[in-house]
Amino acid sequence: MTIKVIKPGMLSTFQDTGRHGFQHWGVPVTGVMDEDAHALCNLLVGNPRTFSTLEMTLQGPTLHFQAKTVIALAGADLGAELDAIPLKPGVAALVSPGSTLSFGKRRQGARSYLAVGGGFLLHPLMNSTSTYSRGGFGGLRGRALQAGDLIPICSSFANPPRLSPRSHFGLYEAVACEQIRVIAGREWKDFSAKSQAHFLNHDYTLSGDSDRMGYRLDGTPLALSSPKELLSESVTFGTVQVPPSGKPLILMADRQTTGGYPRIAQVASVDLPRLAQLLPGDKLRFSLIDLSAAETLLLTRARTLKAMEAFNA
């Protein structure tokens, strides 16, 4: 049972929840950029949230299905059509052998996720099937899709699960104008009061020099109160570093395992999916919250996902 890749799209890679437990060997976690959209499309086809999805960036692929299955999209609206019939994110659909999934004009967001009932048949490496393109491993041959690839899938004859188009509770929708919530980083107090105020009260623009490894932001440079030497320490998804240029850098899914730049802030986990859906040229602004508030927001999101799982059981 396979899917044939007719056109690969701009950047289409298989991702799951990440390659955890190997950072001490220098192996990046990788994984999905938008965990909410990844979880939603898996739930829509009846898969566990840990199953791999196909992460598609800006321009989706053209895929020819050679077997019957159930599919769902979530995240960005990249103008998907199933046999020339529009297929919106957040809806499960039955696919017949010979059907073609294609993408047209992007309408919203940056990254869309595709799940198939029963999952993609990929070989895990270090407990994950996530693609790490820089290292050339994981996913399908350690790279993005190419024309002519055959993607093995499980045979699925299940009916679409009962989740409705509105049952995602707005979980994955990206709103560029909303503030990105952060907690103070380890070196927050080492930045000048002027830089702290600027970080929270002025817009930044997502640079074109941004990718799955990190988002570079354009804006007024930030400065430390005085020079400071730092040892390289572990970093995580959403760590906001300030390199010598003074322009903030947000570490994303393919981040390195350690970093030595001052950490002014950490993006609250609940806002990482929204951040993942921004495009170069989009503006963003940060707002400071405390750790307790960030934990409460994360627990609320977790309960929403649990409720969706229970509804689909």
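Partners of Phe103 under the ring-ring contact (aromatic ring centres under 6.0 Å, His included) rule, at least two apart in sequence or in another chain, do not exist in this structure. Applying the ring-ring contact (aromatic ring centres under 6.0 Å, His included) criterion to Phe137, with sequence neighbours excluded, gives Tyr132. Phe120 is linked by a ring-ring contact (aromatic ring centres under 6.0 Å, His included) to Phe14, counting only residues two or more places apart in sequence or in another chain.
Looking only at distances, a side-chain donor or acceptor of Thr304 sits under 3.5 Å from a matching main-chain atom of Thr300. At distances below 3.5 Å, not a single donor-acceptor pair connects side-chain atoms of Gln256 with backbone N or O atoms of Pro28. Under a 3.5 Å cut-off, the side chain of Gln179 and the backbone N or O of Leu284 do not form any donor-acceptor pair. Remark: the backbone N or O of Lys247 is paired with a side-chain donor or acceptor of Ser245 at under 3.5 angstrom. Although no hydrogens or angles enter the test, the distance criterion places no donor-acceptor pair under 3.5 Å between the side chain of Gln59 and the main chain of Arg106. For the pair Gln277 (side chain) and Ala110 (backbone), a donor-acceptor distance under 3.5 Å is present. With Ser12 contributing its side chain and Pro8 its backbone, the two residues share a donor-acceptor pair below 3.5 Å.
The CG atom of Leu298 lies 10.0 Å from the CZ atom of Arg303; values are rounded to the nearest 0.5 Å. Between Asp271 atom CG and Ile289 atom CD1 the span is 7.0 Å, to the nearest 0.5 Å.
Under a 4.0 Å N-O distance rule, the pair Lys88/Asp77 qualifies as a salt bridge. A salt bridge between Lys283 and Asp203 is absent, with no side-chain N of the basic residue lying under 4.0 Å from a carboxylate O of the acidic one. Ion pairing of Asp209 with Arg216 is present here, as a side-chain N (NZ or NE/NH1/NH2) and a carboxylate O approach within less than 4.0 Å. Salt bridge annotation for Asp149-Lys4: absent, with no cationic side-chain nitrogen under 4.0 angstrom from a carboxylate oxygen. Salt-bridge check for Arg263 with Asp190: failed, with every basic side-chain N at 4.0 Å or more from each acidic carboxylate O.
Cluster membership for Phe51 and Leu43, using ILVMFWY side-chain heavy atoms within less than 4.5 angstrom, is not shared. A continuous path of hydrophobic side-chain contacts links Leu122 to Ile153 [ILVMFWY only; heavy atoms under 4.5 Å].
The two residues Leu11 and Ala144 have their closest heavy-atom pair at CD1-CB, 3.8 Å. Looking at every heavy atom in both residues, Tyr215 comes nearest to Ala276 through OH-O, 3.4 Å.
Side chains of Lys68 and Ser96: a donor-acceptor N/O pair is absent below 3.5 angstrom, by distance only. When only modelled atom types and interatomic distance are considered, Ser130 and Asp16 share a side-chain donor-acceptor pair under 3.5 Å. Of the N and O atoms on the side chains of Thr62 and Ser102, not one donor lies less than 3.5 Å from an acceptor on the other residue. In summary, the side chains of Gln15 and Thr13 do present a donor paired with an acceptor at a separation below 3.5 Å, with no hydrogens or angles considered.
In the displayed structure, His24 atom NE2 is contacted under 6.0 Å by more than 12 heavy atoms of other residues, nucleotides or ligands. More than 12 heavy atoms of other residues, nucleotides or ligands lie within 6.0 Å of CZ in Phe22, so this atom counts as buried by the packing criterion.
The aromatic rings of His198 and His202 sit parallel, their planes meeting at an angle under 30°, below the 60° perpendicular limit. Ring geometry, His38 versus Tyr113: the interplanar angle exceeds 60°, so the pair is classed perpendicular (tilted spans 30 to 60°).
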